[in-house]
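So the structure is just underneath, and the comments pick up after that.
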Amino acid sequence: MKEFVLIFRHEDGSKIASPEQMQIWMKQTMDWLGGIAAQNKLVNQGNGLSFEDSRVVGHQGVVTNGPFGDIKETIGGYVIVKADSVDEAVEFAKNCPVLQGEGNTVEVRKIARADGFH
Amino acid sequence: MAPVHSQEPLSAYHAMKEQELIPHLFRSEFRKITAVLSKIFGIAHLEIAEDIASETFLLAAESWPFKGIPENPVGWLYKVAKNKARNYLTRQQLFTDKVAIQIGNSVNEVNEELETEWSDQHINDSQLQMLFAICHPAISAEAQIGLALRILCGFGIDEIANAFLTAKETINKRLFRAKEKLRTEKVKIEFPAGAEINRRLTTVLTTLYLLFNEGYYSESQDAILREDFCLEAMRLTYMLIANEQTNLPAVNALLALMCFHSSRFEARKDSNGAIILYQDQNEELWNDELISKGVYFLNQASRGNEITKYHLEAGIAYWQTIKTETQEKWENVLHFYNQLLIIEYSPAAALNRAYVISKVNGNEAGITATEKLNLTDNHYYYMLLGELYKDINIQRAKDNFNKAFSLAKTETEKKIIQIQSSRLELDIE
């Protein structure tokens, strides 16, 4: 069993959801995570990343306000799952509520282990 | 808020004959005497404390029928235990020296403690400290439950063996090894210090939770005994709540959970002791008082930010006390199961979640969710599929119940599967 990180990428992190939308989204996320956890495949529920108080520190210490504007996509959060193959991890990712937002993506990445194979 | 268990007034004892009174007192006082004496002697001499407590009751059983029940039966027991302990100390010079060295007290000091340490407060503290000692991480969960039943609840080896459906010999060995472990680990009968208390409390709560489940889900034929296990688990949990240091949200959540579950005691068994499934229970028989106590403790549990699995299970158990099926009920329950599984996976929670999905989104969705679990060595998995296929494909429902039947390990489970499967036959006709 390998571990994969599912990274949520939002096309536009500056969009602000209404509290009602947030609540629906939270519920859908819990259902999604619960479904993975019910298969004993959730390693870490990860963290949501707030779009507030975000900065980007660039080359030579140049600080800009949040990853908005110049960079097209913003990371909104991540979870870690167990899966037999990348295809299984992709099946989990396909049901992620983040994908309801047009332009959003979920990046599936295998966690590299210091096990001599990397 | 009335405590779950309260001390009866002394006058109540006189209404009892000694045949009833002695077992009654044994259940409530054996553990107190054992806890106080162990506290004085040190846990290494737990067996001597137990022996003295047993001898005390033996003397009561021999003398009360002839001399009559003493004016203050509890006081009599304490006095006899005290004297027996003192005689023991004097008689066993070798032991006395050993104890004195180990606990750093002289014989005189021990004698003094024997004289003074019988206040309600001290008895309670000793029992709680004993609970922490028994729930030491060095001891297996099984042995912790056994020790708790013996030392803190005053159950006999026969009763414990009956509940675990195990031979008496096995229980004796298990307890013996556990006591050895307490000795070699030099476990102290005391409250763990400040920050340690939270860590140790986790083990204590697990033991109490398992002790309750042992009673609630036990397949022992002895219904009274099963209920007693649950009540004892609740009494010990309540002792933690009554103590300021351990009156924490998780403890309240656990007691709430126990109250909600035990509210269905009357309703879940028929007159022959056979189990009655939730949907067939007569909710008139549910105990409203326990339900409202559960609500009270659940409110107490919601102080602070911590959400433990006990909070989530208590939340689920709360909704189970409301029989009316609403979308709101099942959505809330689903939310709790999601959280519960995210905190800690268990096949039982996963199967329950799949069942709840069928309630929220229909049987087809429930089947999809269940089949993803792929728990093909688990009879509950096939029972659930059988139930969900019932209205969709009777043949599949039947096949699943058959698989469940062949995987079920006990007669009780096989019986339940037969009931559900036979309903299917009725539907076909």
Side-chain angles (χ1 to χ4, degrees), chain A residues 1-8 17-50 76-100 106 108 111, chain B residues 305-309 311-313 315-316 319 326-362 364-378 380-385 388:
Chain A
M1 198 83 63
K2 299 160 194 154
E3 291 183 3
F4 294 86
V5 188
L6 312 185
I7 302 158
F8 315 144
S18 70
E20 291 78 20
Q21 278 172 317
M22 280 298 284
Q23 212 180 350
I24 293 169
W25 184 78
M26 277 300 290
K27 191 185 161 308
Q28 289 174 337
T29 303
M30 286 303 285
D31 284 346
W32 178 61
L33 285 176
I36 300 172
Q39 299 172 57
N40 201 12
K41 295 279 174 71
L42 186 69
V43 176
N44 188 317
Q45 70 179 108
N47 287 294
L49 303 178
S50 172
Y78 66 94
V79 302
I80 303 175
V81 300
K82 275 190 287 195
D84 289 322
S85 64
V86 65
D87 296 333
E88 191 186 3
V90 164
E91 287 307 311
F92 289 141
K94 277 182 183 168
N95 295 316
C96 178
V98 167
L99 295 178
Q100 289 167 17
V106 175
V108 180
I111 294 181
Chain B
N305 300 320
E306 189 195 24
I307 295 183
T308 62
K309 68 169 187 163
H311 285 88
L312 300 168
E313 288 195 31
I316 293 164
W319 282 103
T326 58
Q327 192 71 12
E328 188 203 5
K329 166 176 170 170
W330 292 112
E331 278 181 7
N332 273 297
V333 173
L334 177 58
H335 187 67
F336 286 132
Y337 273 120
N338 283 334
Q339 284 180 284
L340 190 58
L341 281 157
I342 290 169
I343 293 182
E344 186 183 290
Y345 169 80
S346 77
L351 287 165
N352 281 326
R353 176 182 178 275
Y355 173 73
V356 175
I357 286 187
S358 77
K359 291 290 181 183
V360 176
N361 296 327
E364 303 266 4
I367 290 169
T368 312
T370 310
E371 285 175 342
K372 272 188 190 161
L373 305 180
N374 209 23
L375 293 167
T376 49
D377 53 356
N378 187 320
Y380 292 112
Y381 173 74
Y382 291 108
M383 278 168 81
L384 177 56
L385 283 175
L388 294 179

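A quick note: this is a predicted structure, and the numbers were derived from the prediction, not measured. Lettering follows sequence order; numbering is per chain, from 1.
B:N352 places none of its side-chain heavy atoms less than 4.5 Å from the side chain of B:L340. Under the 4.5 Å side-chain criterion, counting only non-hydrogen atoms from C-beta, A:M30 is in contact with B:I342. Considering only heavy atoms from C-beta on, A:L6 stays 4.5 Å or farther from A:Y78 through its side chain.
For chain B, no part of A:N44 is nearby; none of its heavy atoms comes within less than 4.5 Å. Both the backbone and the side chain of A:Q39 have a heavy atom closer than 4.5 Å to some heavy atom of chain B. Proximity to chain B (any heavy atom under 4.5 Å) is shown, for A:K41, by neither the backbone nor the side chain. Heavy-atom distances place the side chain of B:E331, and not its backbone, under 4.5 Å from chain A.
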Checklist entry - Which is it for B:F336 and B:R353 under the side-chain contact (heavy atoms from CB on, under 4.5 Å) test, yes or no, and what are the steps along the way? => result CA-CA 9 Å; B:F336 286 132; B:R353 176 182 178 275; over 6 Å; no
